[in-house]
Amino acid sequence: MPRPLEEILSDLYLSNIDIIGEGIPAWVNALRSRALENFNLLSLPSAKDENYRHTDIRRLLDGEWETYFIPSGMNREINRAVPQSGYSIDVVNGFCTSNELTILDNGIVYGSLRTAMIQMGDIISRYYDKIADVESTATSALNTVFAQDGAFLYLPDGVEADKSFSLTFAYHSEDQAQMCFSRALVIAGKGAKANVVISSVSDGEGRFLIEHVRETYAGDGAEMKITEINSCGANAVTVAGNYLRQESDSRVDMVSLWLNGAATRVNAVTDLVGPDCESNLCGLYFANGSERVDVNMTVNHMVPECRSSELIKGVVSGEAVGAFTGRVYVAPDAQHTEAFQQSRNLQLSDTAKIYTEPQLEIYADDVKCSHGATVGQMDEEAVYYMRQRGIAEADAKRLQMFGFVNDVISKCPGEELCESLAVLAQSRIDEI
Amino acid sequence: MSDADKILDEVTGQDYKYGFVTDIDTDTIPKGLNEDIIRLISAKKNEPGWMTELRLKAYHHWLTMEMPKWAHLDIPEINYQDIIYYAAPRSKPKYQSMDEVDPELVATFDKLGIPLEEQMTLAGVAVDAVMDSVSVKTTYKDTLAELGIIFCSMSEAIAEHPELVQKYLGSVVPYSDNFFSALNMAVFSDGSFCYIPKGVRSPMELSTYFRINAAGTGQFERTLIVAEEGSYVSYLEGCTAPQRDENQLHAAVVEIVVLKDAEVKYSTVQNWYPGDKDGQGGVYNFVTKRGLCRGENSRLSWTQVETGSAITWKYPSTILAGDNSVGEFYSVALTNNCQQADTGTKMIHLGKNTRSRIVSKGISAGRSQNSYRGLVKVGRKASGARNYSQCDSLLIGDQCGAHTFPYIESDNPSAIIEHEATTSKISEDQLLYCNQRCISTEDAVGLIVNGYAKEVLNKLPMEFAIEAQKLLSISLEGSVG
Amino acid sequence: MLLEVKNLHCMVDGKPILKGIDLEVGEGEVHAIMGPNGSGKSTLASVIAGNPKYEVTEGEILYNGKDLLSMDIEERARAGIFLGFQYPVEIPGVSMANFMRMAVNARRAYLGEDPLSAAEFLRLMREKGAVVELDSKLTNRAVNEGFSGGEKKKNEIFQMAMLDPTLAILDETDSGLDIDALRIVATGVNKLKRPDNATVVITHYQRLLDYIIPDYVHVLYKGRIIHTGGKELALVLEEEGYDRIINEYNN
């Protein structure tokens with residue numbers, strides 16, 4: 001009988017425990033032990049689990065993956081998704097390219113997460129592993145067990161950054177199949193303001209299983225703009241847990257783009273824990289060829305008087321599978337919640353599959369909540385109209401499709417960023 | 001306590017009005033489930049060998065299955081060996097006229113507000129009354145027989161129309177479909193069978209009343225409706241159960257086959273005993289209902305008003321196999337006190353240009369949990385499929401929950417699927433406005449709830465719509481809205 | 001005396017709005033209450049109708065000599081107090097006919113009259129609908145749902161006609177009406193006037209008072225009635241605005 005996957009992964013940790021925990025403060029290693037226990041209790045989900053019907057995590061992880069616990073691929077040029085701007089942190093195969101932390105005059109700190117754990121333990125320990133759901137999500141617990149480094153950004157109370165931050169996660173493998181754990185921690189103190197662009201890219205001939213966790217904290221009154229660009233190659237499978245916690249009066253505008261990748265499963269969880277928060281979440285995914293994208297978003301309204309809105313668009317073609325599950329939870333007493341969710345999908349081939357499950361779970365009565373979902377195709381009338389005005393059919397369709405996706409892209413901050421993303425999206429459209 | 005709270009308290013404190021027990025001797029078999037019990041049920045019903053075999057096959061399959069856990073329900077452990085699987089009124093009646101019917105039974109129906117005689121004369125409704133699983137009385141059978149319509153109990157159908165039963169029983173809901181459908185096939189005691197021949201439009205609405213009466217008996221009725229090419233029937237099913245303290249299990253199966261150009265309307269008003277306001281007692285309603293629109297241009301419409309049961313697990317579904325077939329689902333589900341409901345529909349589009357429409361109105365009050373769960377699936381070959389779903393939730397009070405879980409699965413690029421959901425409460429402004437126009441808060445709640453549910457209630461046949469309106473008001477507030 | 005308001009104080013969300021209102025309305029009288037925005041006009045109307053949002057902290061209201069403040073909102077309505085809302089709420093799915101029949105029969109029960117049969121009720125609907133030239137199609141629709149601003153206001157007067165109140169308070173019934181609708185609404189109100197009932201008109205503009213001639217005009221300012229006059233006062237206010245009266249009051 002083959003050994004259970006959980007046991008193999010546990011052994012992988014235990015036999016490399018010295019190297020993984022070397023030089024890292026004891027409190028971090030204690031979190032690992034606890035996460036390992038959780039992981040073993042939870043066990044990895046398979047397609048039999050209601051929440052993982054469209055992505056069999058067991059099957060993704062159950063392969064001949066190599067895992068390195070030391071930096072690799074460091075000196076290569078990173079093939080960026082969008083031009084670099086502002087302050088930047090580069091993480092290659094899970095390790096930051098620089099061990100130094102940069103401290104700006106206004107107190108902002110950014111750089112290697114590992115170095116921050118060592119040098120800023122008092123601050124980090126308040127947030128690290130506290131925002132992610134390591135209690136009930138096995139993949140996130142697994143990340144805590146193995147993650148050694150990643151990107152770190154800290155904005156002290158009241159600070160407004162003068163430039164944007166760009167966090168790049170690059171994955172490179174010459175020929176091996178690698179499993180790579182990467183992590184990000186972004187903390188915005190009370191009233192802090194920041195614009196963060198997070199991208200992930202991959203190259204090389206080898207395959208990748210990317211196991212990523214991102215924790216973002218928006219303190220009281222903080223304002224954050226986050227743009228997330230997932231543009232890994234066909235060699236990459238991504239399993240990600242992106243967690244966001246918002247305190248009172250904070251506002252987060254996040255745009256998430258899932259542009260490429262062989263298979264992607266994302267759990268995006270937003271906890272609104274202080275009153276009067278606002279959370280605007282937009283997403284766009286492309287799935288073409290044999291790609292699979294499975295986006296699972298949860299917004300938890302834990303307290304009264306918060307507003308959330310979600311707009312998620314999907315374009316699915318070829319033999320691809322696109323799945324979106326959006327859960328809005330309104331806790332008892334979270335009165336005056338306003339939560340809106342829209343899922344819009346374009347299905348472009350008869351071999352593509354779309355699954356969309358918008359869900360409302362409401363335990364408070366004085367709320368305004370709604371969701372909507374559509375699956376459709378291009379508007380033939382509009383195509384006809386454009387053709388009548390002399391536009392070629394293919395161009396008319398491209399125009400229309402671009403209009404569909406640009407609705408999300410145009411919500412990104414800054415013209416330059418929007419333009420580069422529009423180019424990326426256009427090239428995806430042209431592939432269809 | 002504010003006025004609104006007081007009213008809500010009164011409203012949610014309302015006791016079940018249909019709680020009474022009919023004193024009829026019942027013929028029961030021992031508790032529990034095993035091969036012998038199944039053989040005993042089959043023998044008591046004088047069933048042919050093939051039926052006994054089918055039951056046993058279903059039983060053995062059931063043994064390999066587990067209760068589904070995915071619903072948003074908190075279901076206490078059910079001991080399937082502690083249930084009596086068969087109860088029939090002892091004086092097995094076969095009456096020709098009303099005079100022969102046990103007066104107790106007639107009185108029961110009277111208290112339910114469905115006087116059999118009146119129903120017989122009124123609006124030409126034929127009533128196949130089912131009490132504790134065995135069909136007691138079938139009316140208007142002769143009129144229907146002239147048209148070739150068969151409307152009888154399932155036991156009679158097995159005896160008299162075995163070829164039809166063998167052809168269609170389990171063809172839409174096979175026993176292997178789910179835990180409860182397997183259990184039902186193994187132990188079903190009776191139910192209704194309805195066959196509409198080619199080209200015949202049923203001149204009257206066919207109606208069955210189900211009741212659970214004997215204590216500790218599960219009710220496992222089985223309904224089969226076959227509408228042949230070009231035929232039409234409107235079928236009504238109403239349920240009320242008397243008050244009991246222990247929970248009672250109800251696991252019915254309804255199968256409908258709709259052939260080319262035929263149309264079936266299936267309406268349900270379900271008011272099984274919901275338990276008292278502390279959640280003691282009440283019926284567990286685990287029902288599998290499914291229709292197959294097999295022929296081109298066939299049409300099946302489900303309308304349900306669900307106000308009863310402690311726990312409801314029910315998804316009347318339609319498989320749209322024939323090209324251009326149409327499926328509709330209109331639902332009002334009201335939960336109060338400690339009730340839990342996880343209900344909705346499945347629309348499976350397989351044929352070309354198939355269309356479906358879902359309108360679901362959930363109402364939660366008290367400490368209840370009300371979930372809509374629905375699947376819209378468009379298969380590879382279902383070009384031009386179209387679905388529109390509207391799911392609304394209304395919350396009354398701040399202790400309850402309203403949830404929406406739609407599943408949309410599309411395998412065809414020409415499909416157009418739209419789903420919308422909203423959640424609202426009865427606004428203070430609306431209550432105030434009604435109060436200012438002389439209407440009490442209690443009446444206003446009834447009025448607003450009925451207004452909210454109107455789109456669905458309008459789909460019910462007239463007499464049913466009125467009863468449903470009454471039920472909504474009674475379930476919420478104890479006075480007619 | 002039909003209505004006696006004595007030293008009425010009230011608060012909303014802890015903020016005092018009315019600070020000592022005295023007002024007497026007798027049978028057969030028409031009163032107009034005017035005043036700048038935020039002076040408390042609508043609050044006064046809401047307190048008389050019994051809106052629970054408003055907390056009366058001092059003073060009393062007598063209606064036909066009885067303590068009005070101890071009565072529920074629907075009790076007051078059944079006793080003949082009608083409030084024409086400034087913003088009538090929409091009640092989806094509830095037809096005007098159902099709604100009104102329930103209201104009319106509740107009022108009739110209070111007066112010791114038998115409920116109307118469906119036929120009698122429909123006859124009454126038709127008859128009263130004519131008073132405000134209400135399109136009969138509107139009565140088949142849900143309460144206020146999809147009504148234009150003008151239709152909503154006409155609908156308020158129609159309901160007033162149906163319920164035959166003793167004291168009608170019209171809260172800014174003229175706002176948002178064009179001149180034709182204004183004329184229709186005002187004519188409706190005048191037709192309903194009798195020696196044994198009374199009307200209180202709350203308005204911003206003099207123009208409504210061209211059609212509904214008041215016996216008394218009150219100026220409400222910062223929660224108090226600071227000036228009372230006859231119908232000519234409205235014309236003075238139209239020309240001069242409130243400034244002079246307010247200045248006099250402040251001095």
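Lettering of chains follows the sequences in order, A, B, ..., and the numbering in each one begins at 1. Values in this document were obtained by computation on a predicted structure and should not be read as measured data. When reading the values below, keep in mind they use all heavy atoms of this one structure, side chains included, and skip hydrogens, waters and symmetry mates.
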> For the side chain of B:Arg380 and the backbone of A:Asp350, is there at least one donor-acceptor N/O pair under 3.5 Å apart?
Replying inline: yes
CG (A:Asp366) and CD (B:Glu428) are apart, to the nearest 0.5 Å, by 8.0 Å
Open item on the list: Can you tell me if B:Glu455 has over 12 outside heavy atoms packed within less than 6.0 Å of its CD?
Closed with: no
* For B:Glu418 and A:Thr374, run side-chain hydrogen bond (donor to acceptor under 3.5 Å, both in side chains): C-alpha distance rounded to whole Å, both residues' side-chain angles, the deciding distance at 0.1 Å, then the answer. => CA-CA 4 Å; B:Glu418 287 173 87; A:Thr374 57; over 6 Å; no
If you tally heavy-atom pairs under 4.5 Å between each of B:Cys400, B:Ser371, B:Ala415 and chain A, the highest tally belongs to B:Ala415
- Message: Please determine whether the number of non-hydrogen atoms from other residues, nucleotides or ligands lying under 6.0 Å from atom CZ of A:Arg327 exceeds 12.
- Response: yes
Interface check, chain A: of B:Pro406, B:Gly401, B:Ser427, B:Ser414, most non-hydrogen pairs under 4.5 Å belong to B:Pro406
Separation between CD (A:Glu357) and CG (B:Leu375), nearest 0.5 Å, reads 8.5 Å
*Flag the pair B:Tyr372 / A:Gln359 as yes when at least one side-chain heavy-atom distance between them is below 4.5 Å, and no otherwise.*
no
Q) Above 12 or not: heavy atoms from other molecules or residues under 6.0 Å from CD of A:Glu319? A) no
- Message: For A:Glu361 and B:His72: C-alpha separation, side-chain torsions, deciding distance, then whether side-chain hydrogen bond (donor to acceptor under 3.5 Å, both in side chains) applies.
- Response: CA-CA 10 Å; A:Glu361 203 173 332; B:His72 193 275; 3.0 Å; yes
When rounded to the nearest 0.5 Å, the distance separating OH of A:Tyr355 from CG of B:Asp411 is 5.5 Å
* Asked: Do B:His419 and A:His371 come within less than 4.5 Å of each other through their side chains, counting heavy atoms only?
  -> yes
### Task
Check the surroundings of atom CG in A:Asp333: do more than 12 heavy atoms from other residues, nucleotides or ligands lie under 6.0 Å from it?
no
Report yes or no: does B:Glu409 contribute a side-chain atom to a donor-acceptor pair with the main-chain N or O of A:Ile354 at less than 3.5 Å? no
In this structure, OG1 of A:Thr325 is separated from OH of B:Tyr407 (nearest 0.5 Å) by 8.5 Å
When you look at A:Leu360 and B:His403, which way does the side-chain contact (heavy atoms from CB on, under 4.5 Å) test go after all the steps? CA-CA 5 Å; A:Leu360 292 174; B:His403 319 297; 5.9 Å; no
When the 4.5 angstrom heavy-atom criterion is applied to B:Gln369 and chain A, the contacting part is side chain
Check: Does atom NZ of B:Lys377 have more than 12 heavy-atom neighbours from other groups under 6.0 Å away?
Finding: yes
dist A:Thr356:OG1 -> B:Ile408:CD1 (nearest 0.5 Å) comes out at 5.0 Å
One option among B:Asp392, B:Val378, B:Leu394, B:Asn412 has the most heavy-atom pairs under 4.5 Å with chain A, and it is B:Asn412
**Asked** With side chains defined as the heavy atoms from C-beta onward, is the minimum distance between B:Thr422 and A:Ser370 less than 4.5 Å?
**Response** yes
Q. Do A:Val375 and B:Ile416 have side chains that get closer than 4.5 Å, going by heavy atoms?
A. no
